[in-house]
Amino acid sequence: MKEQHQMPQYPEPYWRDGIDFPSFDAVNEDQNVDVAIIGAGISGITTAYLLSKEGLKVGLIDAGKILNGTTGHTTAKISAQHDLIYDELIQHVGVEKAKLYYQSNDEALQFIKQIVSEKSIDCDLSKEDAYLYSTTEQYDRKIEKEWKAYEKLGIPGETKTSIPFDAGATSALVMKDQAQFHPIKYLLPLVKEIEAAGGLFFENTTAVDVQNGAKPIVLTREGFRITCNYVVSCSHFPFYDSGFYFARMYAERSYVVAVEADKEYPGGMYLSVDNPSRSLRSTPYNGGKLILIGAENHKTGQGINTMKHYEALQDWGSKVLGIKSFPYRWSTQDLVTLDKIPYIGQMSSKEENIFVATGYKKWGMTTSAVAARLITDTILRKQNPYKELYTPSRFIADPSLKNFLIQNVDVAGHLIAGKVQTAEKKVDELTNDEAAVVKVQGKRAGAYKDTGGNLHIVDTTCTHMGCECEWNGGDRTWDCPCHGSRYTVDGDVIEGPAEKPLTKINFN
């Protein structure tokens, strides 16, 4: 029997390992800035960097630590090859808008390369070819259709009948000269430049609402006010939702295992288009290479025991690459819009000084640069050719209407199912590091007994719209299957759209 390597007990993103992070205070008094940016990940920091260069005073507000959200849980591919997207875009939005989608992301790639070069940033940036590959006849045909879309849009690429390692590939589509990097090493020099230009960073500060007007006011949970000319929501799920974004997107979780492999890695970035998909890339590590194996996507709060996804990636890596060590694993959450094009721009037609950037569908490294440039241009009243393509107020009947109905029927089903679910165990039956749905005083609750034997019990009713949260054993969180809100074992909010924590329950 092949040796199985023990996975780390808790997710630990490789990108944060060994990095000396700056520390910032929370907002503890009222503030005035030109632009308040909510969310200090790659979108927020890149936007702040561009606006600071134009002489605007920016304030970045984050509910946790900077660079600790989706940006710190990525595979960090910088590419305009976003899965099988271009044939689909041609069908739904036409050739011209599909071409704009490619051009915007290709320009974003060049923009990142330019910053790295100009500032001599040591962030492990490397030029890599990006491969889509299939392992079945059904997906061979989809690869062929995507290749025809490349030709129609003028996208440089080529087809192949194999890839440089044995994953059972029967066809492949290559987009040349894409890139990968270390996202935290890339962003920290930008943080220093923003500070030097007078920009402010506030950590552990939760923005909860906006008082709209000529000078919007961001309200924090602690009761402080941030007065500004513009608000930019880069907080993954919009912290301020005047456009019913919770009904126009759905949340997906995906998983990454980082391994040292027995076999030599051939270079390149790979994504299989079959089900289940597999993502692959390498990064420098201890004088060698760390291989990042990702995918196993599913809607948040739904599906099998989440540890099974890590195990599936480990099994695949063992068969294809061999595994010498298994130092890291982590998961991440991404938002998908109804038509798979991100929402970037003014929050709504009635709120011209409030902006949103969300719905990146796992391609946040490139799309964040698209968003930062588009929002900066709009604030500075400059023309941007991609404004209409990404506008959040769009509604494309096909496929938006169909997907809107599908997602909201799914929400209704889980809302009902959660209310009739029976208790899985009694509280006193739990072993250490185990969780279950239980009954406490006749009501549904979620109980987790930690490794020290301490009980953490919460009301599992999501504070967003009342769906019942399910246990995520891979990350030790309570996840909502309706709109993707996530909570710690003590009920604190990790991911929106929920703003309030789950209610703690005392158990005697």
Side-chain angles (χ1 to χ4, degrees), residues 35 37-54 69-71 74-83 85-86 88-89 92-93 96-116 125 130 153-155 175 177-181 183 186-187 190 230 232-238 245 249 269 334-347 355-394 396:
V35 185
I37 301 174
I38 316 303
I42 186 167
S43 290
I45 289 173
T46 308
T47 304
Y49 166 74
L50 291 177
L51 291 170
S52 294
K53 286 181 63 178
E54 298 292 336
T70 304
T71 300
T74 179
T75 52
K77 296 177 179 179
I78 317 170
S79 177
Q81 188 189 69
H82 296 175
D83 207 336
I85 188 67
Y86 291 103
E88 185 174 350
L89 288 178
H92 295 312
V93 300
E96 291 308 310
K97 286 187 176 179
K99 189 176 294 185
L100 288 172
Y101 183 93
Y102 168 74
Q103 289 173 352
S104 65
N105 282 280
D106 183 60
E107 288 177 12
L109 166 62
Q110 307 312 322
F111 168 80
I112 293 171
K113 287 181 177 179
Q114 182 180 355
I115 288 180
V116 172
L125 180 73
L153 299 173
I155 298 174
M175 188 178 286
D177 299 334
Q178 305 302 288
Q180 60 186 31
F181 70 162
Y186 166 73
L187 289 168
L190 302 189
Y230 302 95
V232 182
S233 175
C234 298
S235 57
H236 202 203
F237 195 95
Y245 286 87
M249 296 189 292
M269 306 183 300
D334 294 278
L335 297 172
V336 183
T337 68
L338 295 175
D339 58 12
K340 299 184 181 178
I341 300 172
Y343 297 135
I344 303 169
Q346 290 161 328
M347 177 75 73
F355 295 83
V356 65
T358 189
Y360 293 172
K361 198 178 76 72
K362 301 179 177 62
W363 302 104
M365 298 299 100
T366 319
T367 310
S368 63
V370 175
R373 299 176 80 203
L374 197 164
I375 290 172
T376 298
D377 284 348
T378 307
I379 288 175
L380 298 177
R381 304 191 187 284
K382 295 180 179 180
Q383 293 295 315
N384 187 294
Y386 310 115
K387 185 175 181 178
E388 182 183 352
L389 174 66
Y390 291 103
T391 180
S393 61
R394 70 183 184 272
I396 301 165

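We count residues from 1, following the sequence as given.
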For Pro183 against Thr74, the heavy-atom pair lying closest together: CG-CG2, 3.8 Å
Tightest non-hydrogen contact, residues Leu100 and Tyr386, listed as O-CE2, 3.5 Å
Could you grab the distance from atom CD1 of Ile112 to atom CD of Glu107, nearest 0.5 Å is fine? 12.5 Å
So CD1 of Ile42 and OG1 of Thr47: to nearest 0.5 Å the spacing works out to 10.0 Å
Please tell me if the side chains of Tyr390 and Ile341 come closer than 4.5 Å, counting only heavy atoms from C-beta onward. yes
What class does the angle between the rings of Phe181 and Tyr186 fall in, given that below 30° is parallel, 30 to 60° is tilted and above 60° is perpendicular? tilted
Check the angle between the aromatic planes of Tyr230 and Phe355 and answer parallel, tilted or perpendicular using the 30° and 60° thresholds. tilted
Leu50 and its side-chain contact (heavy atoms from CB on, under 4.5 Å) partner, picked from Asp377, Thr376, Leu380, Ile45: Thr376
Of all the heavy-atom pairs spanning Asn105 and His82, show the shortest one and how long it is. OD1-CE1, 3.1 Å
Trace of the side chain to side chain contact (heavy atoms under 4.5 Å, CB included) decision for Ile344 with Thr367: CA-CA 9 Å; Ile344 303 169; Thr367 310; 4.0 Å; yes
Grab the two heavy atoms, one from Lys77 and one from Met365, that are nearest each other, plus how far apart they are. O-CB, 3.4 Å
Please report the shortest heavy-atom distance between Leu125 and Ala179, naming the atom on each side. CD1-CB, 4.0 Å
Strictly below 4.0 Å, N to O, side chains only: are Arg394 and Asp339 in salt-bridge contact? yes
Is the closest side-chain heavy-atom distance between Asp334 and Lys361 below 4.5 Å? no
Supply the atom-to-atom distance Thr46 OG1 to Arg373 CZ, rounded to the nearest 0.5 angstrom. 11.0 Å
